[in-house]
Each structure stands twice: as structure tokens, then as C-alpha cells.
Trainee: 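Handing you this structure, nothing more for now.
What you see below is based on every heavy atom in this structure, not just the backbone, and it leaves out hydrogens, waters and symmetry mates.
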Amino acid sequence: MTTPRDHTEITLLVDRFFRALDERTFTAGWDRAFFTDDIVEETPFGIFRGPEAVRAMEEAVERFDRTQHMASGILTDQASAADPDPDPDPDPDTGTERATASWDALMTHVHHAATLRERGSGADPLLVVGGRFETELRRTSEGWRFTRMAVRPVWTTGQPPPGIDPEMP
């Protein structure tokens, strides 16, 4: 079980991450506030690692005019099974302190005007996805960072953007 402080810090990391996606604050190095260099991202479209994972997140959001990501029910747990008494001041290079977090997510995506024009009158302006995020984190000298992030869609409504399989889970 994570401490109340760890739970709060991880919850704030999730909130800040979703806000960064929605505000598209993709300036150089934006990802360092959220991910370790060896991040692994699992999505319905593939598994991405390191800088490729960060770019995949940016590209996914940029396929839409606007997005709104909301998280609820954030559950955290200590993942230091090999170290039952983790060091409260872990070595930032080895990241000895680890945790897991999962949460439900409601992800609303607004299509670009060009997509709506292409699809014609009556086209649904939204793609809404309900799902779950499952993550692993490591405490670094800068605080908690995601090392693995899996996006698990449970349901969708609306059409994905052009170029994405309409049978998306």
C-alpha cells in the first residue's frame, strides 16, 4: 500500500498528465515531468518505447481539434515486492522505490473541422472512449514518474479519426 503522501503525489501526476495532453503543452522536454526515459506505452495500436512512446501520445492527441481527459477512482499500491522495506530516499539512478496506479478514464475527442466536412452533414463531432489506465511508476530525484502506461479501452462511441481502424476496441 502506498502512503497517503505517495497517493496524493501520484494522483497529481495523473491530473497534470491529462491536463498536459488536453492543453497540448508539447514543448521540448515536456515528457520529463511525467515519464522515465525508458517509458513503455501499450495502446490498442501497438507498444511504444522511450521517445517513440512520447511521440505516439502527441500524435494521438493531435489527430483531434480538442480533447478532454478525465480520471477517476485512482488506486495506487506499492510495487516494491523485492524490497519489503523500501528506502525512503531511493537512489535516483536505480529508482528503487516503485508503485502501481490504475484509474478509470473518460476521454472525449473533438474532430477537426476538415474531418467533419469530409464526412458530410450529420457527422458525429465526437469520439468518446471510456477505459482504464494501468501504470507502473518509479520515484526519481524529481518525484514519481511513469515507467509503463497501458491504455485499455472498454467502450467507444463515435468514429475514430481518418486512418484509424473503425473497429477500434
Side-chain angles (χ1 to χ4, degrees), residues 2 7-77 79 99-138 143-169:
T2 55
H7 179 81
T8 298
E9 290 175 2
I10 292 168
T11 297
L12 289 171
L13 181 69
V14 171
D15 290 342
R16 286 191 345 266
F17 169 62
F18 273 9
R19 179 68 57 91
L21 289 179
D22 294 339
E23 292 179 353
R24 300 168 191 225
T25 52
F26 303 142
T27 57
W30 77 272
D31 55 301
R32 294 192 176 275
F34 306 102
F35 310 109
T36 59
D37 290 338
D38 59 350
I39 179 68
V40 175
E41 180 193 25
E42 299 174 37
T43 75
F45 310 110
I47 298 175
F48 306 95
R49 294 173 179 3
E52 179 186 40
V54 173
R55 188 64 199 137
M57 290 178 215
E58 294 170 356
E59 289 174 356
V61 170
E62 290 168 347
R63 288 184 177 121
F64 299 93
D65 185 49
R66 295 178 307 280
T67 60
Q68 184 178 37
H69 293 75
M70 294 185 290
S72 68
I74 298 172
L75 303 174
T76 61
D77 201 2
T100 61
S102 63
W103 62 90
D104 293 322
L106 181 63
M107 301 162 276
T108 304
H109 309 80
V110 179
H111 288 291
H112 288 290
T115 299
L116 296 174
R117 278 193 302 275
E118 180 182 306
R119 291 184 175 162
S121 65
D124 190 339
L126 302 178
L127 169 66
V128 183
V129 180
R132 175 164 294 135
F133 278 68
E134 297 171 357
T135 65
E136 295 174 5
L137 302 97
R138 181 169 57 228
W144 288 104
R145 298 295 184 265
F146 296 111
T147 60
R148 187 184 72 81
M149 178 174 284
V151 182
R152 310 266 190 243
V154 175
W155 59 269
T156 63
T157 184
Q159 287 185 287
I164 300 297
D165 183 0
E167 297 301 316
M168 179 181 80

Trainee: Search all heavy atoms of A33 against all heavy atoms of L13 and return the closest pair with its distance.
Mentor: O-CD1, 3.4 Å
Trainee: Measure across L116 and P125 and return the closest heavy-atom pair with its distance rounded to 0.1 Å.
Mentor: CD2-CA, 3.6 Å
Trainee: How many angstroms lie between CG in L127 and CE in M107, if you round to the nearest 0.5 Å?
Mentor: 9.0 Å
Trainee: Sub-3.5 Å donor-acceptor pair from the side chain of H112 to the main-chain atoms of E62, do we have one?
Mentor: yes
Trainee: Under the criterion side-chain contact (heavy atoms from CB on, under 4.5 Å), I'd like the reasoning laid out for F35 against M57: C-alpha separation, chi angles, the key distance, then a yes or no.
Mentor: CA-CA 12 Å; F35 310 109; M57 290 178 215; 3.4 Å; yes
Trainee: What distance do I74 atom CD1 and D15 atom CG have between them, rounded to the nearest 0.5 Å?
Mentor: 5.5 Å
Trainee: Atom CZ of R138 and atom CD1 of I39: how far apart are they, to the nearest 0.5 Å?
Mentor: 9.5 Å
Trainee: Tell me whether the count of non-hydrogen atoms from other residues, nucleotides or ligands lying under 6.0 Å of CZ in R19 goes above 12.
Mentor: no
Trainee: Kindly compute the distance separating OG1 (T25) from CH2 (W30), expressed to the nearest 0.5 Å.
Mentor: 7.0 Å
Trainee: Please check if the side chain of T147 supplies one atom and the backbone of E136 the other of a donor-acceptor pair under 3.5 Å.
Mentor: yes
Trainee: Drop me the distance from R16's CZ to E9's CD, to the nearest 0.5 angstrom.
Mentor: 9.5 Å
Trainee: Please report the shortest heavy-atom distance between D124 and G158, naming the atom on each side.
Mentor: OD2-CA, 3.7 Å
Trainee: Salt bridge between R66 and D22, side-chain N to carboxylate O under 4.0 Å?
Mentor: no
Trainee: Salt bridge or not for E42 and R148, using N-O below 4.0 Å?
Mentor: yes
Trainee: State whether E52 and R55 are salt-bridged, where the test is any N-O pair (Lys NZ or Arg NE/NH1/NH2 against Asp/Glu carboxylate O) under 4.0 Å.
Mentor: no
Trainee: Taking the side chain as C-beta and beyond, is there a heavy-atom pair between E41 and V54 under 4.5 Å?
Mentor: no
Trainee: Could you tell me whether a side-chain N or O of T43 sits under 3.5 Å from a main-chain N or O of V151, the two making a donor and an acceptor?
Mentor: no
Trainee: Describe, in one word, how the ring planes of F64 and H109 are oriented to each other, choosing from parallel (under 30°), tilted (30 to 60°) and perpendicular (over 60°).
Mentor: tilted
Trainee: Between OG1 of T156 and CG of L126, what distance do you get to the nearest 0.5 Å?
Mentor: 12.5 Å
Trainee: Provide the closest heavy-atom pair for L21 versus V61 in the form atom of the first, atom of the second, distance.
Mentor: O-CG1, 3.5 Å
Trainee: Report yes if some heavy atom in the side chain of I164 is under 4.5 Å from a heavy atom in the side chain of R63; otherwise report no.
Mentor: yes
Trainee: Could you check R49, R145, R32 and say which one makes a side chain to side chain donor-acceptor pair (under 3.5 Å) with D37?
Mentor: R32
Trainee: Using side-chain heavy atoms (C-beta onward) and a distance below 4.5 Å, is F146 in contact with V14?
Mentor: yes
Trainee: When you measure from the side chain of H69 to the backbone N and O of F17, does any donor-acceptor pair fall under 3.5 Å?
Mentor: no
Trainee: Within the distance-only criterion (no hydrogens, no angle test), does the side chain of R132 pair as donor or acceptor with the backbone N or O of V154 below 3.5 angstrom?
Mentor: no
Trainee: What is the ring orientation for F18 with W103, classed by angle as parallel under 30°, tilted 30 to 60°, or perpendicular over 60°?
Mentor: perpendicular
